[in-house]
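Residue numbering restarts at 1 for every chain, and letters A, B, ... go by the order of the sequence lines.
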There are 2 protein chains.
Amino acid sequence: MLNQASPMPLYQQLADRLSAAIRRGDYPVGERIPSEHALAARYRVGRPTVRQATEVLVRRGALSRRRGSGTFVTGHPRELAAFSMAGTAASFRDQGLSVDTQLLEGVGARSVPADAGDNPFRGEKALFFRRLTRTEDGPALLEETYLDPELFGELRQVELDGRSLSAAIREHYRTEPTGGQQLFQVATASGARSTALELSAGAPVLLIRRHLHFPHGDSAVYSELYCRTDRIVPCQDLGDA
Amino acid sequence: MLNQASPMPLYQQLADRLSAAIRRGDYPVGERIPSEHALAARYRVGRPTVRQATEVLVRRGALSRRRGSGTFVTGHPRELAAFSMAGTAASFRDQGLSVDTQLLEGVGARSVPADAGDNPFRGEKALFFRRLTRTEDGPALLEETYLDPELFGELRQVELDGRSLSAAIREHYRTEPTGGQQLFQVATASGARSTALELSAGAPVLLIRRHLHFPHGDSAVYSELYCRTDRIVPCQDLGDA
DNA sequence: TATGTCAAGTTGTCTTTACAACTTGAGAAT
DNA sequence: ATTCTCAAGTTGTAAAGACAACTTGACATA
């Protein structure tokens, strides 16, 4: 069943299999999946390998173990790793989640209305782009980002599709954010945004407003992230070392 | 070195040892810790047990593995993030309003249902209390917190009204959270909760699920924060410094 | 019927062993 | 002096086995 010769570890392959099976509904929500012993026998691997595989899904929130009883499908939406400053796409990949980010609107100039709430570029011009992230279940995250045109003007010609904004900035400008801030609130999706997220108008979404500060300009990057938390759950690790 | 007879797993004990050693500075930031083989020999345990222990710290962000090279102590603790989880009131940006926190239900024992989603105490008993934070406009934040009864049993008699939980724990137990995680989700307020927040049933709220890890127990504190983001907006500073 | 006991099944923990993939630095070769 | 090769050390993955702790349901008993 599993490819022993593949460079992808067996436990990863198995985790993918199980994840797919859960999505297909082979293992319904709330039900028990086969025991570790049974899975080990079926896929011809050791029990530790099975545990390593289910561990991935437990951490992701898809499975839940009950000692003495079994391992169950939780039906929780998958959780995303740290919304750190590293970049949205990067934190997806790290979790092994297959998500796909697509550029809806390339980097271009835009005049920001003067009444645009928290937007640090309100009443001015800014660079703007829009990205959409999908899970297997459908669109999950709409990202609208504003950039300081004086600092990041050259990004206009940069490929952003499938790569992190932070990475692009780091490579082109050799600078990194010095800090930032995130605000979380419940908002209602407007017309264009609800369409992109396949939501009915007026449905609540999680709105994350993110300010990033750079050495040469506070709030040089501002993003609004509209998130369907039934598909993707933003997750933050709280520090200490 | 480790207590084989203890009910606490060896890998947890070892993780605590390593964590303490890092905090003490025995293993300086950026430096390598002893190899897994060396640790296994020193503590008289198998290498998988060592890996299980370091795995805890890697996930917590305290350690970082480099294949072929070693396991290293990562960057210094992010004090800011640590403090943003210290007190609820402190971590919310003051929008020019005075806030007031009131204890709705004092610390008491409670059986957590087995199907209580992400709650680490599901199917067990936990200490529980409930607080409500108000702005001038009305209730804004409902906080339901579960505590490990074995670790924090004495908090039953402690004054929590108007003071931070973290402060109470720090003073009584001389321990601090080693890390944690926050998940942000849009949820709908149920009966009792919508009443407390003066919302109509089914109105969307921001649900923050917060796990706090302590040296002697992961997820020893778990909170669900139901937030009216029209009155108060949770805010987090993004580290670096 | 109601209750208690027990056996079977399940996950939790741990050991020992083995090999693969990668990094680093020492030393040889140029 | 510079470059290359390689051995040693490190983490990554995996196996098979063992026992402990816990849950559940069947069964015997009252």
Side-chain angles (χ1 to χ4, degrees), chain A residues 1-18 27 30-59 62-74 94 96, chain B residues 1-18 27 30-59 62-74 111 113-115 120-125 150 217-219:
Chain A
M1 295 287 275
L2 302 181
N3 180 5
Q4 299 272 351
S6 161
M8 175 176 285
L10 292 178
Y11 76 88
Q12 271 289 356
Q13 295 183 45
L14 182 50
D16 288 347
R17 297 279 189 116
L18 295 176
Y27 302 134
E31 291 299 295
R32 229 198 64 190
I33 68 172
S35 75
E36 299 174 350
H37 189 75
L39 288 174
R42 177 187 306 182
Y43 290 100
R44 310 296 177 102
V45 295
R47 194 185 144 209
T49 304
V50 173
R51 275 189 77 77
Q52 225 175 335
T54 55
E55 181 71 24
V56 172
L57 301 181
V58 167
R59 272 213 306 275
L63 292 179
S64 167
R65 294 200 187 114
R66 288 185 222 156
R67 181 180 192 161
S69 178
T71 303
F72 297 79
V73 178
T74 62
D94 290 349
Chain B
M1 293 287 275
L2 302 181
N3 180 7
Q4 298 273 352
S6 162
M8 176 175 287
L10 292 178
Y11 77 88
Q12 271 290 356
Q13 296 183 44
L14 181 51
D16 289 347
R17 298 281 189 113
L18 294 176
Y27 301 134
E31 291 297 298
R32 230 198 61 187
I33 67 172
S35 76
E36 299 174 351
H37 189 77
L39 288 173
R42 177 187 306 180
Y43 290 101
R44 310 294 177 102
V45 294
R47 196 188 140 208
T49 304
V50 172
R51 275 189 77 79
Q52 225 175 335
T54 54
E55 181 71 25
V56 172
L57 301 181
V58 166
R59 226 177 306 149
L63 293 178
S64 165
R65 295 200 186 113
R66 286 183 225 159
R67 181 180 193 162
S69 178
T71 302
F72 297 79
V73 179
T74 63
S111 292
D115 62 349
F121 302 106
R122 62 186 174 279
E124 304 171 18
K125 278 187 181 295
E150 296 191 3
D218 265 15
S219 292

> Taking only residues two or more places apart in sequence or in another chain, which ones pass side chain to side chain contact (heavy atoms under 4.5 Å, CB included) with A:Arg67?
Replying inline: none
>> Just N and O in the side chain of B:Tyr11: are any of them under 4.0 Å from OP1 or OP2 of C:dC14?
In response: no
> Between atom CG in B:Leu14 and atom P in C:dT15, what is the gap in whole Å?
Replying inline: 10 Å
>> Rounded to whole Å, how long is the line connecting atom CZ of B:Arg51 with atom C1' of C:dT13?
In response: 17 Å
> Which nucleotide in the list C:dC14, D:dT13, D:dT10 gets nearest to the side chain of B:Ser35?
Replying inline: D:dT10
> Reading nucleotides 15-27 of chain D 5' to 3', which nucleotides get B (base under 4.0 Å from a protein heavy atom), which S (sugar-phosphate only), which -?
Replying inline: SB-B--BBB----
>> How many whole angstroms separate atom CD of A:Gln52 from atom P of C:dG12?
In response: 15 Å
>> Among residues at least two apart in sequence or on other chains, which ones pass side-chain hydrogen bond (donor to acceptor under 3.5 Å, both in side chains) with B:Tyr11?
In response: none
>> B:Ala38: which residues meet the side chain to side chain contact (heavy atoms under 4.5 Å, CB included) condition with it, sequence neighbours left out?
In response: B:Pro34, B:Ser35
> If you look at every strand shown and take non-hydrogen atoms under 4.0 Å, does A:Arg32 touch a base, only sugar-phosphate, or nothing?
Replying inline: sugar-phosphate
> What is the distance, rounded to the nearest whole Å, between atom NE2 of B:His37 and atom C1' of C:dT16?
Replying inline: 12 Å
> In whole Å, what is the span from the CD atom of A:Glu36 to the P atom of D:dA14?
Replying inline: 16 Å
> Given atom CD of A:Glu55 and atom P of C:dT11, what is their separation to the nearest angstrom?
Replying inline: 13 Å
>> Before you tell me yes or no, could you show the steps for A:Leu63 and A:Val73 under side-chain contact (heavy atoms from CB on, under 4.5 Å), namely the whole-Å CA-CA distance, both residues' side-chain angles and the distance that decides it to 0.1 Å?
In response: CA-CA 5 Å; A:Leu63 292 179; A:Val73 178; 4.1 Å; yes
> With sequence neighbours left out, what residues match B:Glu31 under side-chain hydrogen bond (donor to acceptor under 3.5 Å, both in side chains)?
Replying inline: none
Atom pairs and distances, donor-acceptor, side-chain atoms in residues 42-50 of chain B, under 3.5 Å, two or more places apart:
from: B:Arg42; atom 1: NH1; to: B:Tyr27; atom 2: OH; distance (Å): 3.3
from: B:Arg47; atom 1: NE; to: B:Glu36; atom 2: OE1; distance (Å): 2.7
from: B:Arg47; atom 1: NH2; to: B:Glu36; atom 2: OE1; distance (Å): 3.0

